[in-house]
Amino acid sequence: MPFERAASAGYLTNWAARLFARAIDRRLREFGVSSGQLPVFFALGNGEALSQKALVKAASIEQPTMAATLSRMERDGLVERQPDPQDGRGFLFSLTPLAMQKAEMVKQAVLAVNSEALADIPEHERKPFLATLKTIIGSLEEIDSQSDLSRTKSNKD
């Protein structure tokens with residue numbers, strides 16, 4: 001049976017995600033922010049300071065990617081690190097005052113792109129659509145966690 005991209009949930013969601021990222025990047029460019037930094041903005045936007053490990057978990061991205069993102073954001077004056085009082089070797093990251101000023105504009109840019117993307121979906125279909133996406137995400141997270149458990153078990157053997 002031939003592979004049909006137009007009938008592949010994985011292909012279509014990946015394509016949609018790339019288009020979302022590009023649209024959001026266009027909006028964020030004027031603020032000196034990129035879509036790759038959004039998970040950090042959202043995790044720290046309430047003024048909280050988190051460890052890199054907590055940010056990895058909150059953003060659900062790999063540790064090396066988070067380390068690179070935090071380095072770029074620190075270089076650009078968007079995050080700052082302080083020693084973690086609970087862990088002498090660790091650091092806590094927080095948004096800088098500059099990034100906190102940008103946080104509302106970032107949120108508005110993301111909301112605008114989401115609104116534009118959903119504009120052709122009737123209002124009564126949006127909640128079920130988003131619920132279906134959440135179900136898919138939950139299924140994939142379960143598969144991912146089972147894979148992690150399987151790797152951990154095989155590494156112990």
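For the side-chain contact (heavy atoms from CB on, under 4.5 Å) with V113, the qualifying choice from L118, L28, I24 is I24, the only one to do so.
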Fill in: Check against side-chain contact (heavy atoms from CB on, under 4.5 Å), V110 and K107
CA-CA 5 Å; V110 170; K107 181 176 115 183; 5.9 Å; no

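The 12-atom threshold is not exceeded at CZ of R5, counting heavy atoms of other residues, nucleotides or ligands nearer than 6.0 Å. Other residues, nucleotides and ligands place more than 12 heavy atoms under 6.0 Å from the CD atom of E125. Heavy atoms of other residues, nucleotides or ligands lying less than 6.0 angstrom from CD of E104 number more than 12.
There is no side-chain donor-acceptor pair under 3.5 Å between S34 and D25.
Grouping the Ile, Leu, Val, Met, Phe, Trp and Tyr side chains by contacts below 4.5 angstrom, directly or via other members, places L38 with V79. Hydrophobic clustering keeps W15 apart from L133 (ILVMFWY residues linked when any side-chain heavy atoms are closer than 4.5 Å, directly or through intermediates). Linking Ile, Leu, Val, Met, Phe, Trp and Tyr residues whenever their side-chain heavy atoms come within less than 4.5 Å leaves L92 and M66 in two separate clusters. Cluster annotation: I137 and L12 are assigned to distinct hydrophobic clusters (Ile/Leu/Val/Met/Phe/Trp/Tyr, side-chain heavy-atom contacts under 4.5 Å, transitive).
R81 forms a cation-pi arrangement with F91, by the criterion of a distance under 6.0 Å to the ring centre and an angle within 45° of the ring axis.
When atom types are taken as modelled, the side chain of S8 and the backbone of E4 share no donor-acceptor pair closer than 3.5 angstrom. The backbone N or O of I61 lies less than 3.5 Å from no partner atom in the side chain of T65, so there is not a single donor-acceptor pair. Counting only distance, with no hydrogens or angles, the side chain of S115 and the backbone of L111 share no donor-acceptor pair below 3.5 Å. Panel note: side chain R126, backbone I121; a donor-acceptor pair is recorded below 3.5 Å.
Interatomic distance, OG of S60 versus CG of L55, reported as 12.5 Å (0.5 Å rounding).
For D84 against Q86, the heavy-atom pair with the smallest separation is OD1-N, 2.8 Å.
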